[in-house]
Amino acid sequence: MDELIKIKVEESVFFLKKGTPLSEVLSELPSPQKPILFKSEGQLLDLSFPADRERELSLVFAGDPQALEVLRHSASHLLAHAVTELFPEVQVGMGPAVENGYYYDFLRDRAFTPEDLEAIEKKMREIATQDLPIERLVLPKEEAVKIFSEKNQKLKVELIEEKGGAEVTCYRQGNFIDFCLGPHLPSTGLIKHFKLLSVSGAYWKGDERGPQLQRIYGTAFFSEKELQDYLNFLEEAKKRDHRRLGPELELFSTHEELGGGLVIWHPKGAIIRHEIEAFWKEEHLKDGYDFIYSPHIAKLDLWKRSGHTEFYDAMFPPLEFEGFKYQLKPMNCPFHIMAYKSRQRSYRELPLRWAELGTVYRYERSGVLHGLLRVRGFTQDDAHIFCRDDQLEAEIKGVIRLATKLLAAFGFESYQVYLATRPEKYVGKLEDWNKAEQALEEALKASGLPYQIDEGEGVFYGPKIDIKIKDAIGRLWQCTTVQLDFNLAERFDLTYVGEDGHFHRPFLIHRALLGSMERFFGVLIEHYKGNFPLWLAPVQIIILPIADRHEAYAREIQTRLRAEGFRVQVDDSREKVNKKIREAEVQKIPLIAVVGDKEISNQSVSLRIHGLGDRGQISLEALIQQVKTLIQNKSLEIKF
RNA sequence: GCCAGCGUAGCUCAGACGGCAGAGCAGCUGAUUCGUAAUCAGCGGGUCGGAGGUUCGAUUCCUCUCGCUGGCUCCA
């Protein structure tokens with residue numbers, strides 16, 4: 001006798017024979033629009049999912065953001081389908097949906113060319129137009145293995161052997177079948193707005209010893225507008241690329257002669273860095289930090305004691321002289337620890353907050369270097385806090401407050417915060433871990449920032465908080481990190497004498513707020529699109545004399561404005577005003593002061609604001625006052 | 001480090017069965033003295049990323065190498 005299963009959909013109740021597709025209920029529902037998925041207990045299910053037990057279903061329609069991942073996953077199958085049609089010899093790997101789209105990995109002896117991608121995309125459209133039903137199949141493992149073996153899909157067979165239970169789920173559309181948990185859209189016709197983006201290498205199962213596959217990336221959306229918006233976003237990101245803007249605006253350069261990942265800050269970049277650092281120092285002093293300077297190398301033995309030689313693989317090879325080996329520093333911590341250990345410490349002097357803009361060197365593999373964002377020599381805005389356990393929470397709160405204060409000054413006010421907790425392998429006492437995790441979480445709660453917990457994702461030496469900032473076009477960048485370190489405290493046997501006259505182990509907090517000057521600068525360039533706010537702009541005001549006879553007046557104003565501490569230039573080239581203005585706009589100089597006969601006669605300038613155009617005449621005094629205010633307030637916008 | 005793509009003037013890019021290497025912008029010089037996004041003219045500028053090989057001849061074909069790009073991997 002067939003068992004009947006109770007299925008509740010919206011307000012209606014149905015009874016289905018066990019194993020019949022849930023989609024049966026749809027014929028009875030007066031829904032004007034056909035759903036593409038069901039949702040049950042927070043989980044998305046195929047329309048054809050068999051009735052297995054009592055369920056309450058809701059309907060998910062095309063366009064629903066929850067279904068986007070499914071759309072993209074189905075699009076990845078469509079991609080694999082097209083590839084196997086066009087290149088039957090290709091073996092398919094894995095093809096999930098990812099953050100902004102999807103990819104699929106293929107094993108093929110030749111590389112896919114851009115022409116191949118075009119052909120594949122065309123084939124995908126063809127298959128989509130056929131509107132093939134996407135069927136969910138549950139097969140005994142042996143049968144699935146047999147099917148994929150016959151198709152000579154060895155990678156898939158490997159996956160099934162590895163991951164499949166007694167029964168495995170597969171999805172089929174036309175001649176294409178894939179081992180996959182799903183869920184998927186009911187048919188290929190629903191995949192309408194998609195595009196292939198790029199092809200790159202990827203290792204099978206991420207193992208660099210394994211075979212190298214070719215990964216084709218694509219994206220898909222429910223509407224053409226969303227797809228176009230995303231493609232526009234990619235274009236916009238290209239326009240902001242700091243690797244283009246940096247050299248163009250003469251902020252920094254890199255050179256083959258110097259080596260990869262090594263950056264030279266040009267005067268215009270250096271002045272921005274100076275402003276950032278000055279602000280950073282000022283805020284740190286206000287928060288009770290002291291500064292430290294430390295050398296760039298130290299004896300290798302120091303790094304042995306810290307454990308870096310053992311656990312850290314990004315160190316440059318050591319240098320050797322006078323019978324000793326020296327190590328270029330990848331971190332600042334051991335130096336700060338040495339300073340701490342230079343004498344006995346009392347509980348009365350804790351917390352110690354020691355900050356350093358410390359330049360470190362890391363051997364990053366050549367393939368990962370990327371503009372300013374991933375380099376080999378960089379300056380961390382580092383600090384180490386040594387504190388007692390009763391101070392831990394307050395210290396972390398202080399760090400978070402300082403971090404968000406600094407970031408907000410640059411216009412970063414939207415964050416994603418992660419608390420990473422104890423991993424399986426860890427050093428230190430469980431009791432300390434618990435105390436630290438609790439302090440971190442309490443501090444986060446007090447900060448009012450929404451956060452998520454990455455269970456077990458902490459580093460082996462301590463739990464941490466990471467803060468990612470959201471830039472002007474919504475991209476996330478990791479900057480702030482606050483980490484407890486039980487390892488170094490232990491290895492260097494850090495102690496302080498407590499009120500009880502006994503030795504105690506201090507907590508060691510390692511933190512960087514902006515991350516590194518290089519990386520933060522790269523992010524800033526992209527965030528501002530090169531249009532730095534007035535307080536950071538390398539040239540804040542450019543004065544454009546209309547004709548030669550106005551040059552003396554221009555120089556006079558320049559002197560006057562420089563005396564106020566403003567960064568001012570005069571364009572004395574013998575060009576027309578139009579050309580000078582264009583030049584200044586291209587250079588993204590915030591304020592342009594045009595001076596001619598009129599301005600001389602009433603001691604004024606004609607002001608033009610970058611991007612906003614001519615604002616008319618303004619007296620010299622008013623200009624000075626307003627610029628002063630804008631700089632002092634670190635205003636992100638220029639208003640007159 | 002691995003896979004793939006790309007390296008031609010400072011920048012953006014043309015180019016060529018393997019046969020003296022081009023444009024625009026920038027730079028320099030001169031003329032123009034001008035009112036809100038490019039005045040005109042002239043000139044200079046290249047081991048065609050580097051090394052080796054094939055060839056009578058290589059920037060072009062081959063090998064190696066360096067750098068960059070997209071990913072992978074790594075990320076104390």
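Just so it is clear: chains get the letters A, B, ... in the order the sequence lines come, proteins before strands, and each one is counted from 1.
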- Would you classify A:G259 as touching base, sugar-phosphate or nothing, given that sugar-phosphate means primed atoms plus P, OP1 and OP2, and contacts are heavy atoms under 4.0 Å? nothing

inquiry  = For A:F520 and A:W477, I'd like to know if the aromatic rings sit close, meaning centre-to-centre distance below 6.0 Å.
reply    = no

Open item on the list: Strictly below 4.0 Å: does A:N578 bring a side-chain N or O up to OP1 or OP2 of B:A37?
Closed with: yes

B:A58 versus B:A16 - spacing of their C1' atoms, nearest Å:
12 Å

**Study point:** Under-4.0 Å salt bridge between A:K588 and A:E250
**Key:** no

Under a 3.5 Å limit on both distances, the Watson-Crick or wobble mate of B:G1 is B:C72

RNA chain B nearest-nucleotide lookup for A:L213 and A:I592: closer to the 5′ end is A:L213

Out of B:U36, B:C72, B:G70, minimum distance to the side chain of A:I581 belongs to B:U36

* Asked: Any donor-acceptor pair under 3.5 Å between the side chain of A:S606 and the base of B:G35?
  -> yes

Checking B:G35, B:A37, B:C74 against the side chain of A:E364 (C-beta onward), the nearest is B:C74

Compute the centroid of each ring, for A:Y461 and then for A:F311, and state whether the two points are separated by less than 6.0 Å. no

Margin query: Could you tell me how far B:G27 sits from B:C11 if I compare only their C1' atoms? Round to whole Å.
Written below: 12 Å

Donor-acceptor pair, distance only, cut-off 3.5 Å: does the side chain of A:R567 make one with the backbone of A:Q540?
no

_Regarding A:L369, tell me which of base, sugar-phosphate or nothing describes its non-hydrogen contacts under 4.0 Å with the strands shown._
sugar-phosphate

### Message
Quick check with a 6.0 Å cut-off and a 45 degree axis cone: is A:R108 positioned over the face of A:F87's six-membered ring?
### Response
yes

Taken to the nearest whole Å, NZ/A:K598 to P/B:C34 is 14 Å

Applying the 3.5 Å cut-off to both distances, the Watson-Crick or G-U partner of B:C25 turns out to be B:G10

- Side-chain N,O (A:K579) to OP1/OP2 (B:U32) below 4.0 Å: no

Ring centre gap for A:F316 and A:Y361 strictly below 6.0 Å:
no

request  = For B:C17 and B:G1, measure between their P atoms and round to the nearest Å.
outcome  = 35 Å

* To do: Examine the base of B:G1 for any acceptor or donor lying under 3.5 Å from a partner atom in the side chain of A:Y203, and report the outcome as yes or no.
  => yes

message = I'd like the P distance from B:G45 over to B:U29, given in whole Å.
response = 16 Å

Can you check the distance between B:G49 and B:U59, where both ends of the measurement are the C1' atom (answer in whole Å)?
11 Å

Expected label for B:C20 (glycosidic angle, syn inside 90° of 0, else anti) would be anti

Open item on the list: Using a heavy-atom cut-off of 4.0 Å across all strands, would you classify A:Q214 as base, sugar-phosphate, or nothing?
Closed with: nothing

- May I ask you to verify if any side-chain N or O of A:R549 is less than 4.0 angstrom from the OP1 or OP2 atom of B:C34? yes

Atom CG of A:L373 and atom P of B:G71 are separated, to the nearest Å, by 12 Å

Q. Are A:Y340 and A:F386 close enough that their ring centers fall under 6.0 Å?
A. yes

A:D454 atom CG is separated from B:C75 atom P, nearest whole Å, by 16 Å

Among the nucleotides B:G35, B:A37, B:U36, whichever has the atom closest to the side chain of A:E585 is B:A37

For this session: Examine A:R215 relative to A:Y103 and say whether NZ or CZ is less than 6.0 Å from the centre of the six-membered ring and inside a 45° cone about the ring axis.
Result: yes

Notebook entry, point to check: Is A:Y217 touching bases, backbone alone, or none of the nucleic acid, heavy atoms closer than 4.0 Å?
Noted result: sugar-phosphate

When rounded to whole Å, the CG to P distance for the pair A:L107 and B:A4 reads 13 Å

Q. Does a nitrogen or oxygen in the side chain of A:H370 sit under 4.0 Å from OP1 or OP2 of B:G70?
A. yes

**Request:** Rounded to whole angstrom, note down the P distance from B:G10 over to B:G52.
**Result:** 23 Å

Quick note, A:R243 side chain, CB onward, closest among B:A37, B:U69, B:G35 is B:U69

Any side-chain N or O of A:S200 less than 4.0 Å from the OP1 or OP2 oxygen of B:C72?
-> no

From the candidates B:G1, B:A37, B:C34, the one with an atom nearest any side-chain atom of A:I546 is B:C34

Nearest-angstrom distance, C1' atom, B:C48 to B:A23
16 Å

Rounded to whole Å, CG of A:D571 lies from P of B:U39 at a distance of 12 Å

Whole-Å distance, A:E575 CD to B:C40 C1', equals 10 Å

Heavy atoms under 4.0 Å, any strand shown: does A:A547 hit a base, just sugar-phosphate, or nothing?
base

Applying the 3.5 Å cut-off to both distances, the Watson-Crick or G-U partner of B:C56 turns out to be B:G19

Using Watson-Crick geometry (N1-N3 plus N6-O4 or O6-N4) or G-U wobble (N1-O2, O6-N3), each under 3.5 Å, B:U39 is paired with B:A31

Ranking B:C34, B:U36, B:G70 by distance to the side chain of A:D614, first place goes to B:U36

Could you check whether A:E599 gets within reach of a base, just the sugar-phosphate, or nothing at all, counting any heavy atom under 4.0 Å?
-> base

ask   = With a 4.0 Å cut-off on heavy atoms, is A:D485 in touch with a base, just the backbone sugar-phosphate, or nothing at all?
value = nothing

From CZ of A:R374 across to P of B:U69 the rounded distance in Å is 13 Å

If pairing means Watson-Crick or G-U wobble with both distances under 3.5 Å, then the partner of B:C64 is B:G50

| said: Say we look at B:A26 and B:A38: how far apart would their P atoms be, to the nearest angstrom? | reply: 12 Å

query = Have A:T359 and A:T379 got a donor and an acceptor in their side chains that come within less than 3.5 Å?
reply = yes

Among B:U36, B:C74, B:U39, the one nearest any side-chain atom of A:V594 is B:U36

**Q.** Quiz item: A:R608 side-chain donor-acceptor pair to B:A37 base, under 3.5 Å
**A.** yes

| query | NA contact type, A:R365, heavy-atom cut-off 4.0 Å: base, sugar-phosphate, or nothing? | reply | base

(message) Considering every strand and a 4.0 Å limit on heavy-atom distances, what is the contact class for A:V368: base, sugar-phosphate, or nothing?
(response) base

Closest to the 5' end of RNA chain B, once A:Q483 and A:G613 are matched to their nearest nucleotides, is A:G613

Atom CD of A:E248 and atom P of B:A26 are separated, to the nearest Å, by 14 Å

Item to check | Pair A:F106 and A:Y104, ring centroids less than 6.0 Å apart | outcome: yes

